[in-house]
Structures are given as C-alpha cells and as structure tokens.
Amino acid sequence: MNGVGAARRVERRTVPTMEFIGVTTSRSSIMKLFPRWAKILGLGKSRLVGRDIPLDGEPGLYRAAMEQIRYDPLSVGALVTTHKIKLFTAAHDLFDELDPYARLCGEVSCISKRDGRVIGHAKDPITAGRSLDALLGPGYFGRTGGEVLCLGAGGSGTAIFVHLLTRPDPADRSSRIVLVNRERERLDILRSIQKRLDASGVRVEYVHNADPRANDGLMADLPSGSVVINATGMGKDVPGSPITDEGIFPQNGVAWELNYRGDLDFLHQARRQQRTRNLRVEDGWLYFLHGWSEHIAEVFDREITAEEFQALSSEAEAIRG
C-alpha cells in the first residue's frame, strides 16, 4: 500500500468489521439484520458499523472513512450509500484498484480488500439491474412499448441508466429514456457515459430541472406501460417528492421508489393512483436485498448461492414484518 493520507484517523478493530457509510445508517434495517445474516453466511464474529456523513460533508470526512478501511487490518470493507460519487471524488487516490463500472460511472458503492490491496467497486449497475429485471421480467419493453423516466441522476440513477443501455436483448431496452436532474454537471457526466457505451436504438433525453411541476409534465407525456423511477433521494435523505400530488402516472405503468424507508412521498403518490391507472407500485426493498447481499459477498470474498439468498430474504422479511 502507498503512504497517501498522512493523518491516519484509524480505530483499531478487534473483529472483522464492515463499514456502512451513509446519512442515517442507524435507521436502516441492515443494522438489526446483519448479525442474523452473518450467522447464515458463517461470518463468525464479523460486525457492521455505521458511519454517518451529512449530505454536505467535507472531503476530509470521506478521506477519514477511507483511511479507516485502508490502514486498519480488520476493517475489511464497506458499503456506501448516498455518498458514492463524493467519496470517489474526494478519496480516489486511496484505492489501489477500481473496477470497470467504478471507472465508467465515477463512483464507488463497495470497498473490498484483497491481499492488502484496496479495491473500489460500483456495484449498483449489477444490483439495480437485478432488481429492475426482477420487477419487469424478460422482454418488458418489447412487450409494452413503455419508456423510462428516471428522476435523479446521482449514483443510483447512473447505475440504472448504465444497466438499461447495456441489456443484450433489444426487448429489454427502452426506446426512450428521460433523465432529470437538478445539477447540470451530473447530466453532462451521463452524456459522456452514453458516448462510451454501445447504446444504439435508445433515445436519451437529458433534462436539467428542479421543479416538480415540470416533472409532472414529463410524466404526462409517457406512453402506456412506462416506468417512472424516483432516484432523487427525496422522501428519505431529504423531504418531499420530485413530482406534485397532481402528477399523473402512465396507464399500465410501473412506479419504482428506490427507497424502502423514510416518508416515501413518491411511493404514497403512486399508491393513490394504483387502481385508477392500473399501476404497479414498488418500493426499494428488493433493491435493498440485492444490494446488501452483493456487497457483503464482495467484502467477505464469498459467493452467495440462490439457496442462501432465499434464506437471507426470509430473514429480512421477518425483520421487516
């Protein structure tokens, strides 16, 4: 390892410890669930420790998180939510290796260690993809002609975008994707990502907007069967929804709220139209399960079988219920 980060703010762990880097980590179901999952997966005395960083956190906070993992032998890795892009920007020099998705997307959602090397992964294109494929089933866009409106172009929005552009079967790719974000810089980054991918046959529209009423208009223009995704963090990390109560969801469409906890205003707005619009409404629970299981597998360097994933899901349902 190199000697970057002279001010090594490191706590010496006594058991293998995975960090959870987020905003309000104590409220996540994983804090209760991890010990149960650890037993199922045979992880011994391993534990999960939350590290809360505010949304406007200084770069030094991200570097401190990375120094903990890099320089403490028993800090075995991390899952990163909300701060994926900011952590990458502030501390990319503290990684020995970045996987292809991390380099492509400019973000890190998972940190692992192999033979003393610190590796940054962007797992969301995999986990968001598994979740979306499970929600929609094979050939969804070919069957329905639906389009995609993704509200938010941060880490999760970027991951979904990459997944949608790289599906091998044309029937699994929407002909039109509309990406909305309040920061123009993020949209420019996604434009550059699109140029590096083979995305023929998909029309992408980039909308710089922070007005929920304008998002209502974008949603109203969608054809039947379209998918609307709240990837903004609104309703969890910050209050509110990216649409108003007057917004009309697409007939026979899908509303996907990426969060499973918080006020979840977008989810409640969609549920109020579930019957009248024949709308399928999903929260982020499946995304939560796929995300955490994939990250734990990477951090602890073990595969999770289909049978084990089912056991993890059953344990999670018991906690949720």
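Just so it is clear, the values below take in all heavy atoms, side chains as well, and ignore hydrogens, waters and symmetry mates. Remember, predicted model here, so these are calculated numbers, not experimental data.
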Query raised in the report: Would a hydrophobic clustering, with Ile, Leu, Val, Met, Phe, Trp and Tyr connected at side-chain separations under 4.5 Å, put F88 with I53?
Result: yes

Query raised in the report: S241 and Q269: side-chain donor and acceptor closer than 3.5 Å?
Result: yes

Requested in this report: Given salt bridge (charged side-chain N to carboxylate O under 4.0 Å, His left out), test R63 with D93 step by step and report yes or no.
Outcome: CA-CA 10 Å; R63 295 191 66 82; D93 58 305; 2.9 Å; yes

Query raised in the report: Yes or no on ring pair (Phe, Tyr, Trp, His ring centres under 6.0 Å) for Y287 and W292, after CA distance, side-chain angles and deciding distance?
Result: CA-CA 8 Å; Y287 193 14; W292 272 102; over 10 Å; no

Query raised in the report: Given H121 and Y101, is the side-chain hydrogen bond (donor to acceptor under 3.5 Å, both in side chains) satisfied, shown in steps?
Result: CA-CA 7 Å; H121 314 262; Y101 277 135; over 6 Å; no

Requested in this report: Flag the pair P250 / V228 as yes when at least one side-chain heavy-atom distance between them is below 4.5 Å, and no otherwise.
Outcome: yes

Requested in this report: Output the distance between atom CD1 (I248) and atom CG (D221), rounded to the nearest 0.5 Å.
Outcome: 13.0 Å

Query raised in the report: If we only count heavy atoms from C-beta on, is the T82 to L55 side-chain gap below 4.5 Å?
Result: yes

Query raised in the report: About how many Å separate CG of N181 and CG of L151, when rounded to the nearest 0.5 Å?
Result: 10.0 Å

Query - Check: V49 and M18 side chains under 4.5 Å, non-hydrogen atoms - result: no

**Report entry** H208 side chain to R182 backbone, donor-acceptor under 3.5 Å
**Finding:** yes

Query raised in the report: G22 and T81: which non-hydrogen atoms are nearest, and at how many Å?
Result: CA-OG1, 3.5 Å

Requested in this report: For residues N252 and R277, determine if any side-chain heavy atom of one lies less than 4.5 Å from a side-chain heavy atom of the other.
Outcome: no

**Report entry** Expected output: side-chain N230 to main-chain M234 donor-acceptor under 3.5 Å
**Finding:** yes

Requested in this report: Assess the side chains of N278 and Q251: does a donor N or O sit below 3.5 Å from an acceptor N or O?
Outcome: no

Query raised in the report: Looking only at atom types and distance, does a side-chain atom of D96 sit under 3.5 Å from a main-chain N or O of V118, one as donor and one as acceptor?
Result: yes

Report summary line: Closest heavy-atom pair, F288 versus S29, reported as atoms and distance to 0.1 Å, is CZ-CB, 4.1 Å

Requested in this report: For R13 and S75, indicate whether the former's side chain and the latter's backbone hold a donor-acceptor pair under 3.5 Å.
Outcome: no

Query raised in the report: If you take all heavy atoms of Y62 and G57, which pair is closest and at what distance?
Result: CE1-O, 3.6 Å

Query - From CG (D263) to NE2 (H268), nearest 0.5 Å - result: 7.5 Å

Requested in this report: Give a yes-or-no answer on whether the side chains of H290 and R130 include a donor-acceptor pair shorter than 3.5 Å.
Outcome: no

Report task. Would you please test V227 and L136 for side-chain contact (heavy atoms from CB on, under 4.5 Å) and show each step? Result -> CA-CA 9 Å; V227 180; L136 301 182; 4.1 Å; yes

Report task. Kindly check if the number of other-residue, nucleotide or ligand heavy atoms within 6.0 Å of CZ (R275) is above 12? Result -> no

Query raised in the report: Shortest non-hydrogen contact from L289 to S313?
Result: CD1-OG, 3.9 Å

Requested in this report: Determine yes or no for a side-chain-to-main-chain donor-acceptor pair under 3.5 angstrom, with R173 supplying the side chain and R167 the backbone.
Outcome: yes

Requested in this report: Grab the two heavy atoms, one from G145 and one from P223, that are nearest each other, plus how far apart they are.
Outcome: O-CG, 3.9 Å

Query raised in the report: Looking at side-chain heavy atoms only, is the closest gap between R176 and V148 below 4.5 Å?
Result: no

Query - Co-membership, hydrophobic cluster, residues I229 and I189, 4.5 Å side-chain - result: yes

Report task. Begin from the C-alpha positions of L164 and L132 and carry the test side-chain contact (heavy atoms from CB on, under 4.5 Å) through to its verdict. Result -> CA-CA 9 Å; L164 288 169; L132 188 60; 3.7 Å; yes

Query - Heavy-atom pair of closest approach, residues S156 and L258 - result: CB-CD1, 3.6 Å

Requested in this report: Test L149 against L222 for side-chain contact (heavy atoms from CB on, under 4.5 Å), laying out the working first.
Outcome: CA-CA 8 Å; L149 172 61; L222 295 172; 3.8 Å; yes

Query raised in the report: Just by modelled atom types, is the T305 backbone N or O under 3.5 Å from a matching donor or acceptor in the E308 side chain?
Result: yes

Query raised in the report: Is there a donor-acceptor pair closer than 3.5 Å between any side-chain N or O of R302 and the backbone N or O of A297?
Result: no

Requested in this report: For this output row, return yes or no: ring centroids of F34 and W37 closer than 6.0 angstrom.
Outcome: no

Requested in this report: Could you state whether M219 and L267 fall into the same hydrophobic cluster, counting links through intermediate Ile, Leu, Val, Met, Phe, Trp or Tyr residues with side-chain heavy atoms under 4.5 angstrom apart?
Outcome: yes

Query raised in the report: With H163, which of D133, I126, T127 fulfils side chain to side chain contact (heavy atoms under 4.5 Å, CB included)?
Result: D133

Query raised in the report: In a check of side chain to side chain contact (heavy atoms under 4.5 Å, CB included) between L98 and each of V108, L104, I119, which one passes?
Result: V108

Query - Whether D301 side chain and R114 backbone form a donor-acceptor pair below 3.5 Å - result: no

**Report entry** ILVMFWY cluster, V238 and I21 together (side-chain gap under 4.5 Å)
**Finding:** no

Requested in this report: Would you kindly confirm whether L179 and V254 end up in one hydrophobic cluster when ILVMFWY residues are joined by side chain heavy atoms under 4.5 Å apart?
Outcome: yes

Requested in this report: State, yes or no, whether a side-chain contact exists between R186 and L190 at a heavy-atom distance under 4.5 Å.
Outcome: yes

Query raised in the report: Just by distance, do the side chain of S314 and the backbone of L312 share a donor-acceptor pair under 3.5 Å?
Result: no

Query raised in the report: With no hydrogens and no angle check, do the side chains of N259 and E257 hold a donor and an acceptor under 3.5 Å apart?
Result: yes

Query - Donor-acceptor contact below 3.5 Å, side chain S46 vs main chain L43 - result: yes

Query raised in the report: Is it true that the side chains of S226 and E147 contain a donor and an acceptor less than 3.5 Å apart?
Result: no

Report summary line: Distance col, row K123:NZ vs C105:SG, nearest 0.5 angstrom, shows 13.0 Å

Requested in this report: With rounding to the nearest 0.5 Å, note down the distance linking CZ in R261 to CZ in R27.
Outcome: 7.0 Å

**Report entry** Rounded distance [0.5 Å steps], CD1 in I193 versus CZ in R191
**Finding:** 12.5 Å

Report task. List the steps and the verdict of side-chain contact (heavy atoms from CB on, under 4.5 Å) for F141 and D172. Result -> CA-CA 6 Å; F141 295 106; D172 290 323; 5.5 Å; no

Report task. For Q194 and Y206, test the side chains for any donor-to-acceptor distance below 3.5 angstrom and give the result as yes or no. Result -> yes

Query - C110 side chain reached by V299 side chain, heavy atoms, under 4.5 Å - result: yes

Query - Check: F95 and M66 side chains under 4.5 Å, non-hydrogen atoms - result: yes

Query raised in the report: Can a salt bridge be assigned to the pair R117 and D115 using a cut-off of 4.0 Å between side-chain N and carboxylate O?
Result: no

Query - Greater than 12 external heavy atoms within 6.0 Å of E11's CD - result: yes

